[in-house]
Protein chains: 2
Amino acid sequence: MPSGARNLPAMTSTATRPRGEYAKTAARRDAIVAAALEVFAASGYAKGSLRDVADRAGLSQAGLLHHFPSKVHLIEAVLAWHDEQSVRVVRAAGRDGADPLAALVALAEHNQANPAMVELYVSLSAEATSPDHPVHEHFRRRYDTAVELFRAHLGRQADSGLLRPDADPASTARSLIAFMDGLQVQWLYDRSSVDMAVEVRRFLDVLIAARAVGPVGGSPEPADD
Amino acid sequence: MPSGARNLPAMTSTATRPRGEYAKTAARRDAIVAAALEVFAASGYAKGSLRDVADRAGLSQAGLLHHFPSKVHLIEAVLAWHDEQSVRVVRAAGRDGADPLAALVALAEHNQANPAMVELYVSLSAEATSPDHPVHEHFRRRYDTAVELFRAHLGRQADSGLLRPDADPASTARSLIAFMDGLQVQWLYDRSSVDMAVEVRRFLDVLIAARAVGPVGGSPEPADD
DNA sequence: GTCTATATACTGATAGAC
DNA sequence: GTCTATCAGTATATAGAC
């Protein structure tokens, strides 16, 4: 279970403190973030307690607060790690296919293999709709940039005739993100009946494809379902 | 703000207790449910406190617990009311159009006019993904029946040639619900930029329509955007 | 039916020893 | 850097007066 920290980047600035003695601290912080990810994923941010995180990370609650001076600092670190993971997956998928849309299938597969990340994202994005929530702005910005990213890409596809002519790029961008978000919720309620990667691919085929009914980006990944 | 109780049905069984003295109790319960809806919508179920609900309903916390013996009883009453409202809207929309799909547009409009209901649904459906959450089963059943409802309808439309031939009824049903759920989240983050009713109509046109590009159900409501 | 008062438990955060 | 001990605040729920 606490395996989320194995590929954590050094979030503490290693440049200013080259001393070897602090390497243990960085590992500690990573372990704490991994524990916090699990706790907040399972209980949400409001109900998730620092004591639970501390217990799971193997230190006292006061010890935890030495590394992260407040609960808000901790959740921000967790979100930074979560976002970095997502970006990493999308970038890796974009290396061969070069299509941001095909990367969504890879992201769905990645999420499906990491339920805790889905739980965290679903519960936290819902909690943070309250304007005074500590990470409200984080998610607001995230949606803004995500919609704009896809809108721009779909606009280019429309210019190339690769988008259904009756599909508005801005609306389609929003729909795409909304669909993926909602799908994660359904998946959490019934993981055996919902295959997110398959649904995403079908959705893209139906919604995006102009004339051709084949895979969206021409990416070399036709065999999976 | 506390205007959600004006069209509350009598959830307390008025048939068994015809006495006039208890009418005040029913009204009290309705007021409490309305207050709880607001509190849980704004703060979520976990963080929303009975004290807040009691204050808003104009009685003490102990007095509140006389009517609803526990927090779980209260949230169940709130959900029952919420579901009843949604069913009412869908049924009313189905009376003239007779198309469940067109009713979704009406539902989106209704939700847009009642932000508290959207906040409640979004935050609670996310919270309740945890299997041990008090209302987990409620939402699990809700998704099951909703998917089955739309799947059956889309299957009939497919038989009539009214569904894109490359769209699978079961997948499309899931996608439709996922899209609407995700859209509500985005709307909560940016209410001025997102028009749920418009997006739902566009989505239906693109995803469902077989050949005709016109409105899905032929309902007499072409002028809105 | 509603109240005050309280029991019991847990929260995030702090102080200071080591 | 980690600990124990403790803070002040808040939570749900109960007991008993009126």
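Throughout, a chain's letter reflects where its sequence line sits, starting with A, and its residues are numbered from 1. All of these numbers come straight from a predicted model, not from anything done at the bench. Both backbone and side-chain heavy atoms feed into the values below; hydrogens, waters and symmetry mates do not.
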When the distance from CZ of Phe68(B) to P of dA13(D) is rounded to whole Å, what number comes out? 14 Å

Check: Ser123(A) and Glu127(B) side chains under 4.5 Å, non-hydrogen atoms: no

Charged N-O contact under 4.0 Å between Asp144(A) and Arg140(A): yes

Measure from NZ on Lys71(A) to P on dG12(C) and round the result to the nearest Å. 4 Å

To the nearest angstrom, how far is His73(B) atom NE2 from dT12(D) atom P? 15 Å

Would you mind reading off the distance between Leu74(A) atom CG and dT11(C) atom C1', rounded to a whole angstrom? 15 Å

For DNA chain D, the residues among residues 58-65 of chain A that have a non-hydrogen atom under 4.0 Å from it: Leu59(A), Ser60(A), Ala62(A)

Are OP1 or OP2 of dT12(D) and a side-chain N or O of Ser70(B) less than 4.0 angstrom apart? no

Any donor and acceptor pair, going by atom type alone, linking the side chain of Asp52(B) with main-chain N or O of Gly48(B) inside 3.5 Å? no

Rounded distance (Å) that lies between atom P of dT10(D) and atom NZ of Lys47(B): 11 Å

So Tyr189(B) and Tyr143(A), would you call those rings parallel, tilted or perpendicular, with 30° and 60° as cut-offs? tilted

Ring pair (Phe, Tyr, Trp, His ring centres under 6.0 Å), that's the test. Do Phe179(B) and Phe203(B) meet it? Break it down for me. CA-CA 9 Å; Phe179(B) 162 72; Phe203(B) 186 88; 3.9 Å; yes

Where the side chain of Ser49(A) is defined as all heavy atoms beyond and including C-beta, which of dT2(C), dT12(D), dT11(C) is the nearest nucleotide? dT11(C)

Between His66(B) and dT2(C), does any side-chain N or O lie under 4.0 Å from OP1 or OP2? no

Quick one: Leu50(B) CG to dA13(D) P, roughly how many Å, whole number? 6 Å

Value in whole Å for how far the P atom of dC3(D) lies from CZ of Arg51(A): 13 Å

Please assess His133(A) against Tyr45(A) for the test ring pair (Phe, Tyr, Trp, His ring centres under 6.0 Å), listing each intermediate value before the final yes or no. CA-CA 10 Å; His133(A) 195 282; Tyr45(A) 173 71; 5.5 Å; yes

Ignoring backbone atoms, test whether His67(B) places a side-chain nitrogen or oxygen under 4.0 Å from the OP1 or OP2 oxygen of dT2(C). yes

In the structure I gave you, are the side-chain heavy atoms of Phe40(B) and Lys71(B) within less than 4.5 Å of one another anywhere? yes

Roughly, in whole Å, what's the span from CD1 in Ile75(A) to C1' in dG12(C)? 15 Å

